Amino acid sequence: MTTAMLLCRSALQVVLALVVVLAAAARGELRDQAPPGSRPHSVTITEFGAVGDGRTLNTVPFQNAVFYVRSFADKGGAQLYVPRGRWLTGSFNLTSHLTLYLEQGAVIVGVKDSSQWPIVEPLPSYGQGTDLPGPRHRSLINGYNLTDVVITGNNGVIDGQGLVWWQWLRSHELNHSRPHILEFLYSEDIVISNLTFLNSPAWSIHPVYCSSVKVHNVTIETSLDSPLTDGIVPDSCSNLCIEDSTISVSHEAISLKSGWDKYGISFGRPTSDIRISRVDLLSSSGAALAFGSEMSGGISDIHVNHLRIHDSYKGISFKTSPGRGGYIEEVVISEVQMENVYVGIEFTGNCSTHPDDSFDLSDLPTIDQVTMKNMVGTNVSVAGVLSGIDSAPFTAICLSNLNFSMAADSGSSSWSCSNVSGYSEAVFPEPCTELRDPSSSPSICFSLGSYSAIATA
């Protein structure tokens, strides 16, 4: 399957955690300071020696607290409460049947010392790190093979302090690929809500090989000139929902992935059954909503609606390349408002980055049955650039009821198409001829009732 990413915990650590808690109880200090929740038991991070002054390193208190709450796993689980303060820490793992609750004014802060972010093997569906070949840094908060985990709060904050990592990437001083803020692997029944994520070294929320994940009411922000920082990256996941959230990053606000070239093909775990609704997205140098380019395990059954995309380089992007294999199919995106976007819609078959030189150009990807409908754009410079692969054209690309108000500098050509085919109706500006084939009909499209039929009903 994969190399376990949880570091082994020593018996001594367990004993120390119990001693701290028992000593606090003897002094009458062990009390439930947290607000009532769904867990029958609750502990506070200060009971394990944590100090929220923004200077004291609290990695061991977080590790010991998680160890302690494991003892409640068969008793309904427990809540770990983080009160107001700045809680500096290195990387730590979570456990099943846990609620991590951040009070208003609580900030978990990632330490700038890279030695506090352990080195782990690359993901098996990637084969290499995403920044550099070889291993990668473990994320700030991690879950491996867990079930029933809630990370929530009263708008608490998790700050990755990514600036130092961005500087190392730019100056080529990284030794291993950057970490993320929050990552779950092989986990299920995960809820992430009511929190703000700031300044991730790379990606803010990365569920990979997970199922039954809900992300709602989160805010994600990084500096708009930070290099390759993404917001939420569902990766080889199923039954995942993102709702009612605001994301402002430099690269891609939401990016759906499923593995890289032969590693993703052989691992063979797709991203499917994804629902995204009521999100506000900004991406200064990439796409607000992206598919791929690492999509070798396949991406399908994706339903997206009620997006606001603004002040972004690209609105919606589908990316792949020869050597990827895999597929993107059965995607429907609707009820979209774009404002101040350079390229509204992009399809490209020329994302030529690869994990190593062993990719096979005969592994051709498929993009088929992608529908975009009920979209309005203002101040859009280029309506769409759709460029498929010569030996593997993108098919059944369907547009319905799109109206883009073009920017003053948009020029005479609003659309550019090659190696694509599909269907369109009620689209302004008028799309490419490849999408206006008189022999095409809505029957080739995924989840498209005819706009003209609806309008006259």
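The structure displayed is predicted, hence computed values, not measured ones.
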We want to know whether [X] and [Y] form a side-chain donor-acceptor pair, criterion being a heavy-atom distance below 3.5 angstrom.
X      : Y      : value
Thr222 : Thr229 : yes
Asp360 : Ser362 : yes
Ser125 : Tyr209 : yes
Glu243 : His216 : no
Asn239 : Ser211 : no

State plainly whether the residues [X] and [Y] are in salt-bridge range, i.e. N to O under 4.0 Å.
X      : Y      : result
Arg39  : Asp148 : yes
Asp280 : Arg278 : no
Lys257 : Glu294 : yes
Glu183 : Arg136 : yes

Under the ring-ring contact (aromatic ring centres under 6.0 Å, His included) criterion, do Phe347 and Phe318 qualify, and how do the steps go? CA-CA 5 Å; Phe347 286 75; Phe318 296 81; 4.4 Å; yes
Who are the ring-ring contact (aromatic ring centres under 6.0 Å, His included) partners of His354, not counting sequence neighbours? Phe359
Apply the test salt bridge (charged side-chain N to carboxylate O under 4.0 Å, His left out) to residues Arg308 and Glu339: give CA-CA distance (whole Å), side-chain angles for both, the deciding distance (0.1 Å), then the verdict. CA-CA 8 Å; Arg308 178 176 179 249; Glu339 305 163 20; 3.1 Å; yes
Can you find a heavy atom in the side chain of Asp356 that is under 4.5 Å from one in the side chain of Pro133? no
is_close_aromatic([X], [Y]), centroid dist under 6.0 Å:
X      : Y      : value
Tyr342 : Tyr313 : yes
Trp117 : His137 : no
Tyr126 : Phe267 : no

What do the steps show when you test Asp261 against Arg324 for salt bridge (charged side-chain N to carboxylate O under 4.0 Å, His left out), and what is the final call? CA-CA 4 Å; Asp261 288 4; Arg324 287 287 192 269; 2.8 Å; yes
Taking all heavy atoms of Ser204 and all of Ile220, pick out the closest pair and write down the distance. OG-CG2, 3.2 Å
Salt bridge (charged side-chain N to carboxylate O under 4.0 Å, His left out) assessment of Glu346 paired with Lys314: CA-CA 7 Å; Glu346 177 192 54; Lys314 299 173 186 176; 3.0 Å; yes
Name the one of Asn217, Asn154, Asn155 that satisfies side chain to side chain donor-acceptor pair (under 3.5 Å) with Asn194? Asn217
